[in-house]
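A short worksheet on the structure shown next.
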Amino acid sequence: MKAIKYNKTRGLYMEHNVSIPEIVNSNNVILKMLAAGICGTDLSVSKGSFPVPDDTTLGHELCGVVHKIGSKVKNVTVGQRVAIRPTKGCNSCYFCDTNIPNVCPKGGIIKDRGFGLDGGMAQYILVDDVDVHQIPDDLTSSQAVLIEPLSCLLNAWKISNVASKDHSKVLILGGGIGGFHLLNYLDFIEVKNLTICQRSEDRRKRIEKLGYKNVTVVSDVSLQEEYLKHSEDELWGFDNIIDCTGNPDAIQTAYNYLRPGGRFVIYGCCPANTFIKVPIQDLTFKEKHISGSFLQPYTYGAAVENIVKLARSGRLKLSNYGVQEYSIDDYKSGFADLESRKIIKGILLID
Amino acid sequence: MTSQISTMQALKYSKARGLYMEENIQIPKLTTSHKVIVKMAAVGICGTVLSISKGDFPVPDNITLGHELCGVVHKLGDDVTTVTVGQRVVIDTTKGCNSCYFCSARIPNMCPKGGIGTYLGLSLDGGLANYIIVDEVDLHPIPDDLTSSQAVLIEPMACLLNAWKLSKVADTATSKVLILGGGIAGLHLVNYLDFIEVKNLTISQRSHDRRKRLEKIGYKNVRVISNEALHQEYLENCEDDLWGFDNIIDCTGNPEAINSAYNYLRPGGRLVIYGCCPPDTKLEVPLQDLTFKEKHISGSFMQPYNYDPAVEIITALARSGRLEISTYGMQEYKFNEFKKGFEDLSNRKITKAILLIN
């Protein structure tokens, strides 16, 4: 079969003669791939700035059809369309026990398909029965690709621990696929006071065009100006800020926008060796909180449900999102368009 | 029969005079029907009060200090129903406005009209005086077998309970918990956590004396370590994802200690900063690590109405013999001997001074 891989010498490349995976354990499932998303992290992998083992097949945002199942598989049958959860924990360590399998030293990113294990930018992939979730016929494969990113955003939202959907002031930094997808979801679940901050005018326009009622769209420049006008006013600012930029400067600036008791969740992936300098007395006296958010801990099922709801309420028309489909053979265009910011996500359609 | 005295003393601070005892102050009079006048019995002096006395923590000029308060109900407003004259009480110094976002989000300690702005002894006159006037709802009765000096520990316990709640420990049996600092806060916290059977407790303390005091108490599940030895261990194990702590609570207010301790967090770990750092000091957090290892950093400030559990806990600790004043390096002084109390605290001879009033 063919598969899109990365290694340090060749960079991103398509390998043509990859062996099709076979059932190994009785709980294995082999999927024939339908669609795989390209996200910002995949782009980083392709540029060598996110390390993966040499010759790993990329692709962790996945939709496929059940092709073969092991003898003990009971939750799916051959021919069913499914979304694929790319990672899990070991189920037997402190971290898995305390509901953070996403940071399991033996699971998490190490066993994340597309990063630590071969992923789904290929014609077939081998996974476990617990990793597959059926999707309804009215959900397209491309829409299903958005399940994995939503599962990670649901983790960030959970960590945000918002006090009140009606009264808490929520700020999303960044209107790329992360921020956009989160905004769409939060508006859907009726978070009332949403602001999204996006540097580029194009991306702001895309969001404004959607006409969300409870959303204020601002540029980083105007947000900073507002802050400077109100820096003496304790009531100005946000109770919950979620960073979807991975930009250390944006993150450093946004710390100042927290209200007392405010919570800052950093979902975006920053480069190595970048820092936020937190003023400790302010953090303490104003009881602020800063958290990282990484991958997803048991939120995949909820993500499946929510993507189906979003699609059925007309909130997942991909062209509105700046998401574009490419055939797997045209993968280079997908990565290039993402890099040049023509799109906010590419989806590879696989035969 | 009733005292004819209508003036009292109060311990105050002003920029010009520093710490001083003011004499001949009018004893407060009842102003509304829900007010209570409390005759003070004991007041604790903590590190913050010491900072105030040195001019390092800004307060309104001529404020009466004291926020760790125990007294006896002296006079009641007409509509007071929940306490009676002669009852021994502690005083909750947190007040929110009850009508803002922060109060409704259950963080009245952050209320812009309450919180620190209405804290007794920090923004409003406190209890280092013979009498104080408070609201009925601020009072919590204490049992007869709890001494006034032990009761003074209820306010710090209420604040530590806030830090502990923010720590969100996953499992008291298996989570690895580190307390930074063995001064009064760290000591008090480790005492409580050992009591509730947190099994994997480490406390790091720089000075030999304070480590000795901890070791002398002989906690079974507590490892006492110097900050150097702890850092050494970190350096030896920094490649090991399993080394480190799931919950770290800083009780030092020392920025260097806090910056080092960030490195001691395990994946998913939570650092709660309870200690008060000087202004303009920073914690440098590596962003990729914070995100990829899903770590959490929180500040903890004062307390959001934790007096009910704090009274219960302090009573339980006292009844199980875990609150001998001297064991914790605390010492009592007469009100008029306040200078010695502040000095001994400043020289780290003691961990807390308790002024006995009246």
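To find a chain, count down the sequence lines: A is the first, B the second, and so on, and within it residues start at 1.
- The side-chain heavy atoms of B:Thr174 and A:Asp97, taken from C-beta on, include no pair separated by under 4.5 Å.
- Atom-to-atom distance recorded for A:Lys288:NZ and B:Met110:CE is 9.5 Å, nearest 0.5 angstrom.
- Partner B:Cys277 forms a side-chain contact (heavy atoms from CB on, under 4.5 Å) with one of A:Asp282, A:Leu283, A:Ile280 and no other, that one being A:Ile280.
- Of the inter-residue distances, the one linking B:Gln288 atom CD with A:Phe275 atom CZ reads 10.5 Å to the nearest 0.5 angstrom.
- Listed options A:Cys269, A:Gly108, A:Cys270 were ranked by heavy-atom pairs under 4.5 angstrom with chain B; first place goes to A:Cys270.
- Only the side chain of A:Asn161 comes within contact range of chain B, judged by heavy atoms closer than 4.5 Å.
- For the pair A:Phe95/B:Asp246, a side-chain contact is recorded, criterion being any heavy-atom separation below 4.5 Å from C-beta on.
- For B:Asp289, no part lies near chain A; criterion is any non-hydrogen pair under 4.5 Å.
- B:Glu284 CD: more than 12 foreign heavy atoms inside a 6.0 Å radius.
- Using cut-offs of 30° and 60° on the angle between ring planes, the pair A:Phe294 and B:Phe292 is parallel.
- Open room surrounds CG on A:Asn273; 12 or fewer heavy atoms of other groups in view lie less than 6.0 Å from it.
- Separation of atoms CD (B:Glu294) and CG (A:Leu295) is listed at 8.0 Å; rounding is to 0.5 Å.
- Taking the side chain as every heavy atom from C-beta outward, A:Arg259 and B:Tyr101 approach each other to under 4.5 Å.
- Counting non-hydrogen atoms of other residues, nucleotides and ligands closer than 6.0 Å to NZ of B:Lys113 gives a total of 12 or fewer.
- Counted within 6.0 Å of NZ on B:Lys165, heavy atoms from surrounding residues, nucleotides or ligands total 12 or fewer; the atom is thus considered open.
- No other option in A:Phe264, A:Tyr267, A:Phe50 has as many heavy-atom pairs under 4.5 Å with chain B as A:Phe50.
- Note: B:Thr291 OG1 to A:Ile266 CD1 = 5.5 Å, rounded to the nearest 0.5 Å.
- B:Val285 has its side chain out of reach of A:Ile290: every pair of non-hydrogen atoms, C-beta onward, lies at least 4.5 Å apart.
- Heavy-atom pairs under 4.5 Å with chain B peak, among A:Val103, A:Asn155, A:Ile276, at A:Ile276.
- In this structure the side chain of B:Pro267 never reaches within 4.5 angstrom of the side chain of A:Ile100, judged on heavy atoms.
- Only the side chain of B:Ile107 comes within contact range of chain A, judged by heavy atoms closer than 4.5 Å.
- Dense packing is recorded around CG of A:Asp166, with more than 12 heavy atoms of other residues, nucleotides or ligands lying under 6.0 Å away.
- The local environment of NZ in B:Lys282 is crowded, with over 12 non-hydrogen atoms from other residues, nucleotides or ligands closer than 6.0 Å.
- Rounded to the nearest 0.5 angstrom, A:Tyr94 OH and B:Leu242 CG are separated by 12.0 Å.
- In plain terms, the two heavy atoms of A:Ser291 and B:His296 that are nearest each other are OG-ND1, 2.6 Å.
- Once rounded to the nearest 0.5 Å, the distance linking CG of B:Asp171 with CG of A:Asn99 reads 11.0 Å.
- Within the 4.5 angstrom heavy-atom criterion, no atom of B:Ser104 approaches chain A.
- Only the side chain of B:Asn109 comes within contact range of chain A, judged by heavy atoms closer than 4.5 Å.
- Proximity to chain A (any heavy atom under 4.5 Å) is restricted, for B:Ile258, to the side chain, taken from C-beta onward.
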